[in-house]
Amino acid sequence: VTVGAPAGASAPVGAGAPVIAPTGAPIDGHAAQHGTLRVALVGNPNTGKTTLFNALTGMRQRVANFAGVTVERVEGSYRGPDGCRVTVLDLPGSYSLSPHTPDEAIALDVLLGRAADVPLPEVVVVVVDAQNLERNLFLLSQLLELGRPLVVALNQADAAEADGVRIDVVELINELGVTVIPTVATKGHGIDRLRHAIARAQGLPRPARRFELPAPIATAIAPVEDALEREGLSRPQAALEALMLLAPASSEFRVPSSKSEAMSLATRNSELGTLLYAARAKLSAAGFNPASLEAELRYQWITGVVDRTVTRASRHSRTTTDRVDAVLLHRVWGPLIFVAVMALMFQAIFSWAQPLMEGVEGILVGIGGAAGALLPPGDLRSLIVDGVIAGVGSVLVFLPQIAILFLFIGILEDSGYMARAALIMDRYMRRVGLHGRSFIPLISGYACAVPAIMSTRTIERPADRLATMMVVPLMSCSARLPVYTLLIGAFVPSVAVLGIFDLQGVTLLAMYLLGTITALGVAFVFRRTLLKGRVQPLILELPPYRIPSPRTLLTTVAHRASVFLRRAGTIILALSIVLWALASYPKAGPRSEVRGAWGVGDWQHGPRYSVLDTAATQV
Amino acid sequence: MFKHLFKRRRRACCQFGRADEPCPVAACPLAACGNGHRAVVVSVDCPAAEACRLRALGVYEGAKVAVVDSRNGLLLQVRGSRLAIGPAVAAAITVIPISP
């Protein structure tokens, strides 16, 4: 068996290459011989995929980026029931195999074995939300047609039961033709059975399309399928690809950031394009809408599957989510509760983190003092104490704030409130050319720009994300607070304003407002000049409310914090040493005392903040 | 007091008739449908990327959707999941309202 084109090879642009490329990696039973089994975890967003991933792999995880894109790549591993090592790759959540976001494009690339430096996974685990079976089956129906060994994890099985939804798992296995394991990832139920199913998946018959195309459709798209097969696709993959290509592709929002995108763009000018055009014309003449044909066919099949497998206690009962939404999305209470949640987050970042930050600072002063006492006075001591320890300290001191910020963002995301917050803010953010999802990063910018920029990853369109990243550093981060206080104390007199306010306090508020207004203004300007184009219209799934799992939250916070330490930490440390060197050399006798009071050397005061800010704008 | 606040406002379907009466209008933008209305999608005229996303989420030609809330943008119940769409998207989707 030959392996498909190496992932790093350039796409044959203009050659009419299909989205789905041939994949001929060795499959059966080879994994056991090599001692590792590669598993990819895929599913819709908000299905508890990450929780399931944590339950499968425990804390042995590695976070990196996919080559060339800023999509996070989380990998973990566990020892399988048959003793072989299983590595699990958590793919970004996707709604379908037609890629519309960088995240979805990466998921598709990996599933086809085309992503750079990611080998083709041997088993695909599809996480399906039992509470939301119908919608989740859409992606699953596409994945079945890839013909790869596949296991379905029917997650949140308990929540579905609580909602009065019963799913006949045996019948579902019958309908799908693959193993289905009910799981409750938050409680660890069904994980062992899932591991066994993964180990056995390669020995089972391959999944395939579960519905027949009506005769007129089949004849209309047969030439396209044949052409795709000539490109080297397997028969089922050609059939899947032909169906997906029927909807006209747009290049407007696509960034050819990945191979499948570049390849799908290439299809437009080829012989395949002509065939597609003919097929669409034939379908339209027969009374079908080619653009919606795939969705219609799949959902028609899904309706049948759901009818045969799902029984609902009462069809139109109001669920808990409905009742909570009635309050949280209420036109009066909704925004008020949102403001309260944000205020709580702010409060936590500024006050709750304070004792922790003081603790970290205390420890670092102790270490600095000890190092200073041990080392003889001179350049080495200065480098260690003022350069290295001060540099490490300037990063570590922000860790409590950053951890609390990520904990809050994690709670908001996992509970399902984040989508509601984006919905509430979308109207307002749209006026300055930002997306509803830009709001949380902007607010996080008050704490620290580095995690704020890291949290922009939930914004789908690159232009929207970039605009948010560009303005986040304009928000006054907490590190600027001591500088503001110092300058205000020195230059603004403490006089009463309007009887109750202090001019100093009002000035501080004005500084924060100035930053915020500048950020929004700059966003407005950016969207009309450098980052032209309309903001992505709002299409947002509101997931059911859930109690976040503490274990998942802790894992997420630990990951994000370690990424912060590695990414920002190294740059900040390097910059501190450079600044230390610039401040220390060449030696000029009496001026060094000035440095002692104000320069980088004294890491307990102002300048370390400017180092972090400089780094923040660059990270 | 709370009952009053949380009471759902039923708006006339396509600005004609009442929610519980068959709608006299053949087709209208989804944006014109009020709270509690159900409708069948006739066409999705968004740019291809959004149309494709909507179809994957269950808003395709021929699909039934229910409007849960129509105050800012639209809150839809589609195939058991809850979907929020902006006013621009809601205006680009044409539906035929059906009696609830």
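Here is how names work: the chains are called A, B, and so on, in the same order as the sequence lines, proteins then strands, and each is numbered from 1.
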- Message: For the interface with chain A, which of L76(B), L57(B), L83(B), V59(B) has the highest count of heavy-atom pairs at distances below 4.5 Å?
- Response: L57(B)
- Task: Begin from the C-alpha positions of R79(B) and T303(A) and carry the test side-chain contact (heavy atoms from CB on, under 4.5 Å) through to its verdict.
- Result: CA-CA 9 Å; R79(B) 298 210 158 244; T303(A) 310; 3.2 Å; yes
- Message: I'd like to check the salt bridge (charged side-chain N to carboxylate O under 4.0 Å, His left out) partners of E145(A); sequence neighbours left out, ordered by chain and number.
- Response: R209(A), R298(A)
- Separation between SG (C52(B)) and CE (M244(A)), nearest 0.5 Å, reads 8.5 Å
- Over all atoms of both residues, closest heavy-atom pair of S292(A) and E61(B): CB-OE1, 2.8 Å
- Task: Specify which of G86(B), A84(B), G62(B) makes the most heavy-atom pairs with chain A at under 4.5 Å.
- Result: A84(B)
- Distance, nearest 0.5 Å, that separates OH of Y60(B) from CG of L297(A): 9.5 Å
- Item | pair L423(A)-L75(B): side-chain heavy atoms closer than 4.5 Å | yes
- Counting only heavy atoms closer than 4.5 Å, note whether D325(A) contacts chain B via side chain, backbone, both or neither. side chain
- Message: Restricting to non-hydrogen atoms, name the atom on L538(A) and the atom on V89(B) that form the minimum distance, rounded to 0.1 Å.
- Response: O-CG2, 3.9 Å
- Message: Just so I know, are the side chains of R82(B) and T321(A) near enough to count as touching, which here means a heavy-atom distance under 4.5 Å?
- Response: no
- From S81(B) OG over to L542(A) CG, what is the distance, rounded to the nearest 0.5 angstrom? 9.0 Å
- Task: Please look at N289(A) and chain B and tell me whether the side chain, the backbone, both or neither of the residue comes under 4.5 angstrom of a heavy atom of that chain.
- Result: side chain
- salt bridge (charged side-chain N to carboxylate O under 4.0 Å, His left out) partners for R166(A), two or more places apart: E161(A)
- Closest approach of Y299(A) and A56(B), non-hydrogen atoms and distance? OH-O, 2.7 Å
- Query: Are side-chain N/O atoms of S96(A) and R55(B) paired as donor and acceptor at under 3.5 Å?
  - Reply: no
- For F211(A), does the CZ atom sit with more than 12 other heavy atoms under 6.0 Å from it, leaving out its own atoms? yes
